[in-house]
Amino acid sequence: MTKKLYIETVGCQMNMLDSEMVVASLRKKGYELTDAVSEADTILFNTCSVREHAEHKTYSALGRLREHKKAHPGKVIGVLGCMAQKDQKLIFEKAPYVDIVVGPGQLQQVPDLIEKVESERGQHTALSLGRKSGSVDQIKRSHETFDPLRDPTMRPTPFQAYLRIQIGCDKFCTYCIVPMTRGPEQGRSPEEIIDEANVLAAQGCKEITLVGQTVNSYQYKGESGTVRLSGLLQQLHEIEGIERLKFVTNYPKDMTLDLLETIRDYPKISKYIHVPLQSGSDEVLRRMKRGYTVDDYRRMMDRIRETIPGSSVSSDFIVGFCGETEEEFGETISLLRECRFKNSFIFKYSERPGTKGAEHLEDDVPDEVKKRRNNELLSIQNQISEEDNQVFLGQNVEVLVEGPSKWAKQNSDQDSQVLQLTGRTNCDRIVVFDGNRRLAGQILPVGIYEVTPFTLLGTVVTEHRVPALTNLGV
Ligand code: SAH
Ligand code: SF4
Ligand code: F3S
């Protein structure tokens with residue numbers, strides 16, 4: 001008999017990928033996905049702890065299930081992922097009707113735990129060791145991945161997939177909970193990664209995004225020496241069917257020349273680098289324990305621009321970190337103006353219990369100030385994005401077509417063949433254009449006639465004898 005699974009996912013690409021694996025493992029047990037909680041036999045939340053807001057979202061979703069579970073006590077409710085690892089049994093205290101709490105390093109146990117609840121009831125946890133609860137090896141072993149299982153229906157599109165190359169993080173930035181929830185940094189073996197990429201290619205996947213907390217720190221020490229991200233990308237480049245390779249996220253200190261040259265020399269690799277700066281003030285970076293100075297970052301940007309013409313760089317920022325003065329914030333504005341990122345993800349600092357920041361530094365910037373700084377930085381970034389997008393007016397860009405745009409999904413009739421489509425350039429800019437839905441998965445030239453801060457608007461170039469498509473490196 002088929003059973004129905006409802007799963008809600010918040011957080012980063014790592015969590016999207018984890019949900020894909022969980023769904024694949026439950027499909028093997030006869031589950032089908034449903035969008036309706038009311039229909040579901042099992043209800044799962046794959047959670048994030050990176051900011052308080054993400055946790056609130058999950059706790060309020062759980063709150064809404066209180067009555068539902070009373071009416072249907074046979075249903076299984078599970079909390080998975082980073083908040084499960086962080087809050088552990090506290091989740092049972094806040095939502096006593098939750099049946100299982102499973103950390104990101106134990107997700108392979110989800111199918112068995114669901115069966116256990118169905119047969120014996122009771123509340124069960126499967127969690128990894130804390131960062132101080134054993135030897136490094138024991139802690140590492142307690143964070144397992146089970147990546148070989150894939151479920152194409154859970155992907156961003158059928159042509160795009162995430163592929164994990166690394167788990168955990170050892171950088172311990174003072175604001176960040178990730179090293180606690182995801183455990184020590186560990187690179188997967190290149191053999192496993194290549195095997196999985198071959199499986200994805202055979203399934204028709206054209207774009208692979210390598211994921212990890214700091215992928216450019218990736219290292220795997222094998223019998224034939226140490227493999228780094230550059231070597232891994234070169235091997236993946238050989239796989240037939242794979243047309244685009246991306247990787248997120250990067251750590252400024254580890255942006256080595258061999259990686260930049262590989263991005264330059266191997267055409268399938270997207271000329272796009274997400275490498276979070278977080279703050280433009282040396283003092284703030286020091287309090288964040290980011291391990292680089294503004295000058296280091298500047299030199300890294302110069303290296304990127306010199307080595308890979310036409311590349312785009314994007315960043316993350318935290319505003320209102322402990323003790324951030326107007327002057328320090330001003331330095332962030334100047335550096336943003338100088339670096340001219342393609343786009344930036346900007347976050348208000350959220351204190352995370354369990355981090356060094358929460359322990360030693362005071363979260364003393366008022367929320368209104370964080371909000372104002374957030375808006376200010378965002379508006380400067382948007383202005384930069386719009387200005388830099390102007391360069392594309394009248395140019396042709398190469399777009400990997402992803403499918404109907406969000407607008408088309410809401411406004412077009414389900415059967416219409418020609419509708420608004422969306423895709424991305426090699427440097428990760430979003431392009432919107434009209435076309436047949438069958439074009440999804442193809443790489444096409446699109447002529448750009450209008451730009452906004454977030455998108456390039458264009459039309460598909462049907463005449464292929466157009467001047468150089470790649471003169472901008474796009
Ligand atoms: N591993 C990635 C980032 C992981 S978290 C990296 O090192 O770049 C994604 C982003 O969330 C971070 O880049 C940071 O900007 C933001 N972030 C992390 N912890 C935060 C916190 N406590 N409050 C606000 N933003 C935070
Ligand atoms: Fe968090 Fe820093 Fe690790 Fe990124 S590098 S996951 S911000 S601790
Ligand atoms: Fe959130 Fe965990 Fe990712 S805390 S950002 S889901 S690694």
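Both ligands and their constituent atoms are indexed starting at 1 by order of listing. Note: hydrogens, waters and symmetry copies are ignored here, and every other heavy atom, side chains too, is used.
Heavy atoms of Q213 come nearer than 4.0 angstrom to ligand 3 in at least one pair. Heavy atoms of V50 come nearer than 4.0 angstrom to ligand 1 in at least one pair. Residue-ligand proximity: Q278 is placed with every non-hydrogen atom at 4.0 Å or more from ligand 2. For K348, the closest heavy-atom approach to ligand 1 falls below 4.0 Å. For S49, the closest heavy-atom approach to ligand 3 falls below 4.0 Å. Ligand 3 is approached by R182 to a heavy-atom distance shorter than 4.0 Å. Within the 4.0 Å heavy-atom shell around ligand 1 one does not find Y251.
Within the 4.0 Å heavy-atom criterion, the part of F347 lying near ligand 1 is the side chain and not the backbone. Contact annotation for R51 and ligand 1: only side-chain heavy atoms (C-beta onward) come within less than 4.0 Å of the ligand. Of all the heavy atoms of C82, the ones lying under 4.0 Å from any atom of ligand 3 belong exclusively to the side chain. Of all the heavy atoms of C173, the ones lying under 4.0 Å from any atom of ligand 2 are found in both the backbone and the side chain. With a 4.0 Å cut-off on non-hydrogen atoms, T214 touches ligand 2 through its side chain and not its backbone.
The existence of a salt bridge linking R352 and E55 is confirmed by a sub-4.0 Å separation between a basic side-chain nitrogen and an acidic carboxylate oxygen. A salt bridge is defined here as a Lys NZ or Arg NE, NH1 or NH2 lying under 4.0 Å from an Asp or Glu carboxylate O, and K171 with E185 meets this definition. Using a 4.0 Å cut-off between a side-chain N of Lys or Arg and a carboxylate O of Asp or Glu, D428 and R244 do not qualify as a salt bridge. Salt-bridge formation is not detected for the pair E328/R373: no Lys NZ or Arg NE/NH1/NH2 atom is positioned less than 4.0 Å from an Asp or Glu carboxylate oxygen.
Taking only non-hydrogen atoms, the option from M14, K253, K171 nearest to atom 5 (S) of ligand 2 is K171. The option from N250, V215, V248, D316 that lies nearest to atom 10 (C) of ligand 1, judged by heavy atoms, is D316.
Remark: minimum distance from atom 1 (Fe) of ligand 3 to any protein heavy atom is reached at C48 SG, 2.3 Å. Of the protein's non-hydrogen atoms, the one nearest atom 3 (Fe) of ligand 3 is C12 SG, 2.3 Å.
Listed by number with element, the atoms of ligand 2 under 4.0 Å from a non-hydrogen atom of F172 are 8 (S). In summary, the atoms of ligand 2 found under 4.0 Å from a heavy atom of V178, numbered by their order in the structure, are 6 (S). Near P276, meaning under 4.0 Å from any of its heavy atoms, are these atoms of ligand 1: 8 (O). The atoms of ligand 3 that sit less than 4.0 Å from any heavy atom of N15 are 6 (S).
By the 30° and 60° cut-offs, the orientation of the rings of F321 relative to Y175 is perpendicular.
A cation-pi arrangement is found for R51 relative to F347, the charged atom lying closer than 6.0 Å to the ring centre and inside a 45° cone about the ring normal.
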